[in-house]
Q: 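Right, I'll just put the structure down here and ask away after.
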Amino acid sequence: MSETAVKAPSAPDANRWKALVFIALAQLMVVLDATIVNIALPSAQEDLGISDGNRQWVVTAYALAFGGLLLFGGRIADLWGRKKAFVVGLGGFAAASALGGAATNEAMMFGARALQGVFGALLAPAALSLLAVMFTDAKERAKAFGIYGAIAGGGGAVGLILGGFLTEYLDWRWTFFVNIPFAVVAAAGAYFVIREPAGGRNRSPLDVPGVILSTLGLVALVYGFTRAESEGWSDAVTVGMFVASVVLLLAFVVVESRVKAPLLPLRVVTERNRGGIYLSLGLAIIAMFGLFLFLTYYLQIVKGYSPVKTGFAFLPMIAGMITGSTQIGTRLMTRVAPRLLMGPGFLVAALGMLLLTQLEIGSSYAALLLPAMVLLGLGMGTAFMPAMSLATQGVEPRDSGVASAMVNTSQQVGGAIGTALLNTIAASATTSYIADHIVGATSRSQQQLVQLEGMVRGYTSAIWFAVGILVVAATIAFTFVNAGRPNMTAVTGSDEDAVDEVPIPVVAH
């Protein structure tokens, strides 16, 4: 029995594990920021005199800039080089965070959040694509992406804890200032430690029509969902945004199929495995984002938890994600096909979500929420790790930035859809329940009880939809993702994709 490698891997970077520390730190900062500001929002709103109508822009300004510019950020990383994009992104994010922490009025706050989104859109794809080009050995790649996946999944819950501590014991401004030391350490470490592999840049001219169409299309899509949450799905501007996004994104696809140097080469998304991953990840994030929101409200409003206690209540989910990603996913990724981790992972998460459909006002944390969170964390951690690795595997180095950006885009758009869609379902069910039961409530305490019952009924109605969405994500993973074990077969793709750097054993009997 003899074995030959079709393509030998290039010599691995001696500093790759040190580099992972700084890449992971930057990723933690970006993920933390998504939830840490939510905890601080009521205090910031009061201090800066932001109206209830404008409050959403603290979150929306970031989401629009980040979601709209991700593809552009990924392409800039391919053009400049990932290390340069990574360091510039960190520096800009730190400066924008300082501006947000020092904000004296709502305009300054909204501007700072938009700037954070701009530099986050440069930083996030650069971080993921650096991992993709630096870790080429299958087992090492599994470990690296296990750590990255755990941070990407669990960082949001850590943000709830840190945000609660900073807001309760210091000041809401520290939820912005805390990013500065993260960014400075990560940027300094990256500058001295990261050595990007040569020959991976895409020096083609920038596809300006593609940049404009994709940015406007994604901004319209994210804003449409964000507006639907507050103004309703039949609102004229909401409908107009959805129509505009469809037209712009279809025009983007047409342009990308015809230009010589596209912003997003269609080979990146039409390859079966990557297409399945982008779709299933986006769906899973829809379910997760809605859940974070509902559980935060449930624990604080219905159960009366403080912000800090709420953050700690999410710890079992973080522990589950870390275990699923670094222990289950990492250990099995080189032994089984990715779909056999992703599909069951999403189904385990769906089982955890199914438990939460039994929520009631008096539900026990230990008996119901704890096991549900552990299952959710284990399932998501197990599924996310191989998904993030496979999404950038088999891509030409010159395309790794935009391939990474597509992972982030599917998550960002999924988050916007999840928050708007599940919130709308919950609000509708709550309104319906209260309307049906408030008549029989004569005393004030009975009316308050009906309102709380209505809230919980709304949450469980939306969680049922989340269960269905996770089952669909699992079905897509089982159906579309047909790649074999990373150390045995290359990722299927077009000839242009040049397949992976991992050697393919050719066994002769």
Side-chain angles (χ1 to χ4, degrees), residues 35 38-39 42 154 156-157 160-161 164 229 284-321 346-380 418-473:
T35 50
N38 289 351
I39 296 283
L160 294 172
I161 298 172
E229 187 188 349
I285 292 292
I286 288 175
M288 280 294 286
F289 260 67
L291 181 77
F292 268 134
L293 195 69
F294 298 143
L295 282 187
T296 302
Y297 280 130
Y298 174 80
L299 291 169
Q300 289 193 18
I301 296 172
V302 179
K303 304 296 274 186
Y305 285 22
S306 69
V308 173
K309 191 177 178 183
T310 301
F312 275 107
F314 279 99
L315 274 179
M317 189 186 291
I318 301 173
M321 281 183 175
F346 289 138
L347 289 177
V348 168
L351 183 61
M353 203 74 86
L354 189 64
L355 286 179
L356 291 173
T357 60
Q358 306 306 306
L359 265 186
E360 294 173 356
I361 289 179
S363 291
S364 159
Y365 177 84
L368 182 67
L369 279 99
L370 180 63
M373 284 193 188
V374 170
L375 286 170
L376 270 163
L378 279 173
M380 287 297 192
T419 306
L421 179 64
L422 296 181
N423 238 2
T424 306
I425 292 165
S428 174
T430 297
T431 304
S432 176
Y433 182 89
I434 292 173
D436 290 345
H437 294 81
I438 200 73
V439 178
T442 51
S443 68
R444 182 165 176 76
S445 61
Q446 285 178 325
Q447 288 172 352
Q448 286 177 332
L449 186 63
V450 167
Q451 287 176 331
L452 287 178
E453 284 279 11
M455 282 176 66
V456 176
R457 185 64 60 93
Y459 300 156
T460 54
S461 299
I463 289 168
W464 271 112
F465 276 85
V467 172
I469 289 167
L470 282 171
V471 171
V472 173

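Just so it is clear, the model here is predicted, and its values are computed rather than measured. The analysis underlying the following values was restricted to heavy atoms, covering all of them including side chains, and did not include hydrogens, waters or symmetry mates.
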Q: List for me each residue that meets side chain to side chain contact (heavy atoms under 4.5 Å, CB included) alongside Ala473, sequence neighbours excluded, and say none if there are none.
A: Ser280, Leu283, Phe346
Q: Hey, what do you get for CG (Leu376) to CG (Leu295), rounding to the nearest 0.5 Å?
A: 8.0 Å
Q: How far does CD1 of Ile285 sit from CD1 of Ile469, to the nearest 0.5 angstrom?
A: 12.0 Å
Q: For Gln451, give me all partners under side chain to side chain contact (heavy atoms under 4.5 Å, CB included), at least two apart in sequence or on another chain.
A: Ile434
Q: Let me check something: any side-chain donor-acceptor pairs from residues 455-466 under 3.5 Å, sequence neighbours excluded? List them with distances.
A:
| residue | atom | partner | partner atom | Å |
| --- | --- | --- | --- | --- |
| Thr460 | OG1 | Val456 | O | 3.3 |
| Thr460 | OG1 | Arg457 | O | 3.0 |
| Ser461 | OG | Arg457 | O | 2.9 |

Q: Using residues 360-375 as the side-chain source, report each donor-acceptor pair under 3.5 Å to any protein atom, sequence neighbours left out, with the distance given to one decimal.
A:
| residue | atom | partner | partner atom | Å |
| --- | --- | --- | --- | --- |
| Ser363 | OG | Glu360 | N | 2.7 |
| Ser363 | OG | Glu360 | O | 3.2 |
| Ser364 | OG | Ala366 | N | 3.3 |
| Ser364 | OG | Ala367 | N | 3.1 |
| Tyr365 | OH | Ala313 | O | 2.6 |

Q: Once rounded to the nearest 0.5 Å, what's the spacing between atom CG of Leu347 and atom CG of Leu351?
A: 9.0 Å
Q: Can you find a pair of side-chain heavy atoms, one from Val471 and one from Met353, that are under 4.5 Å apart?
A: no
Q: What residues form a ring pair (Phe, Tyr, Trp, His ring centres under 6.0 Å) with Tyr433, not counting sequence neighbours?
A: His437
Q: Which atom pairs, donor and acceptor, lie under 3.5 Å between side-chain atoms of residues 425-432 and protein residues at least two apart or in another chain?
A:
| residue | atom | partner | partner atom | Å |
| --- | --- | --- | --- | --- |
| Thr430 | OG1 | Ala426 | O | 2.9 |
| Thr430 | OG1 | Gly454 | O | 2.9 |
| Thr431 | OG1 | Ala427 | O | 2.8 |

Q: Which heavy atom in Phe314 sits nearest to a heavy atom in Leu299, and how many Å separate them?
A: CE1-CD1, 4.3 Å
Q: Tell me the closest heavy-atom pair linking Ala287 and Leu470, and the distance in Å.
A: CB-CG, 3.8 Å
Q: Go through the structure and list residues passing side chain to side chain contact (heavy atoms under 4.5 Å, CB included) with Gln447, not counting sequence neighbours.
A: Ile438, Ala441
Q: Return the set of residues passing side chain to side chain donor-acceptor pair (under 3.5 Å) with Thr424 (not counting sequence neighbours), or none when no residue passes.
A: Trp233
